[in-house]
There are 2 protein chains.
Amino acid sequence: MKLSKKSDYALRAMIYLSMQHKKGAIQIKEISTSERIPQKFLENILLALRKVGILNSKIGLKGGYELARSPDLITLGEVIRALDGAIAPVDCVSKTSYRPCSEEVTCVIRGVMMEIRNAITDVLDRVTFADMCSRVKDSVEKKEGGVLTYTI
Amino acid sequence: MKLSKKSDYALRAMIYLSMQHKKGAIQIKEISTSERIPQKFLENILLALRKVGILNSKIGLKGGYELARSPDLITLGEVIRALDGAIAPVDCVSKTSYRPCSEEVTCVIRGVMMEIRNAITDVLDRVTFADMCSRVKDSVEKKEGGVLTYTI
DNA sequence: TAATTATCTACTAATTTTATAGAATTTATA
DNA sequence: TATAAATTCTATAAAATTAGTAGATAATTA
């Protein structure tokens, strides 16, 4: 029941990009140093997000990545699915990678896992990166002294 | 976000034992063949459940395993934690294996993961093996022809 | 005493996760 | 048009976790 490093990095990178939305392309290197994510690993992650249409990229000098859509139209669930595949705890209750379990007809574990999957996706498919930005801002404002930096 | 084979096997074995509650010790071999679980693997699993006080065992002829408590006093969460450790998607929101995340003060991912952890444990710490037994029985009754066997 | 059953210690195999290497391609701009 | 800077692509490697196995030991019953 663990979030992979890959998805964790992806969420952080996505929050970073959402905070800079509409400010042009951001380079991998900038994200990787700011968020302390191994650069080569982050390359793979951002590439995957581009391939599913969450990010746009520009090659060459002054190139980089930016959101393909407004942050309020991208959910955490979409990002996690792009990297880790199905969110469901067992495949027999997955929408995106359904496979029947061995004894589906009377599988009672299935019922419980379905409840859990729904509970998880209720959160992940509802929360957008616009929400995450608000939370970051709230979190920054609450800090005494009002330092201008924030960390994801 | 995947349930391990180990936990899946454990749940199936526990449901099997719950269905036979108060009928004396059940041998590993019987569970392993009925539920199609590799016997040696199941040994490890049942041993782990005994060590945390969920099962009792008897060695020797006519020995075997049985529940240490009534099925309505054992939750799915307790079993999964015994085998896979923490249920929380990231350690910084785990009750049982808490570790601060790198930038906890303003970690907004933490907030979402906390919601998810709560959603998952709401289910897993509420549903007991007595509930699972009822579901199995319901599922059997609904089957046309009323075959007397059930499969988990 | 013999058969049966859990227990224990220690592996091994397979899979998944977490990266890394290096060449190829594209682009801005001096 | 050369150069530097950036993504892209293909491939591999290292590490960690998960899944499963082997075989000897101890306890119990009949």
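Everything numeric here is computed off the predicted structure, so don't read it as measured data. In what follows, every chain begins at residue 1, and chains take the letters A, B, ... in the order their sequences are listed.
- How far CD1 of B:I45 is from CD1 of B:I31: 10.5 Å, rounded to the nearest 0.5 Å.
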Look for any protein N or O under 3.5 Å of an N or O in nucleotides 9-12 of chain D and output each such pair with its distance, or none.
none

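- Annotation: proximity of residues 54-63 of chain B to DNA chain D (heavy atom, distance under 4.0 Å) is found for B:I59, B:G60, B:L61, numbered in ascending order.
- To the nearest 0.5 angstrom, B:I37 atom CD1 is 13.5 Å from B:K6 atom NZ.
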Return a single string for nucleotides 13-18 of chain D, one symbol per nucleotide in 5' to 3' order, where B is base contact, S is sugar-phosphate-only contact and - is none, cutoff 4.0 angstrom on heavy atoms. ------

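- In this view, A:E66 satisfies the side chain to side chain donor-acceptor pair (under 3.5 Å) rule with no residue, not counting sequence neighbours.
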Scan the side chains in residues 85-97 of chain A for donor-acceptor partners under 3.5 Å anywhere in the protein, sequence neighbours excluded, and list what turns up.
unit_1: A:D91; atom_1: OD1; unit_2: B:K2; atom_2: NZ; d: 3.0
unit_1: A:S94; atom_1: OG; unit_2: A:T96; atom_2: N; d: 3.3
unit_1: A:S94; atom_1: OG; unit_2: A:S97; atom_2: N; d: 2.8
unit_1: A:S94; atom_1: OG; unit_2: A:S97; atom_2: OG; d: 3.4

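- Between B:Q27 and B:Y65, the side chains place no donor N or O within less than 3.5 Å of an acceptor N or O (distance only, hydrogens not considered).
- Defined by atom type and a distance below 3.5 Å, a donor-acceptor pair is present between the side-chain atoms of B:T128 and B:D131.
- Counting 5' to 3', DNA chain C first comes under 4.0 angstrom of a heavy atom of chain A and last does so at the ends given by C:dT18 to C:dT29.
- Between D:dA19 and B:Y9, no contact under 4.0 Å exists linking OP1 or OP2 to a side-chain N or O.
- For the pair A:L3 and B:Y65, both in contact range of DNA chain C, the more 5′-proximal nearest nucleotide belongs to B:Y65.
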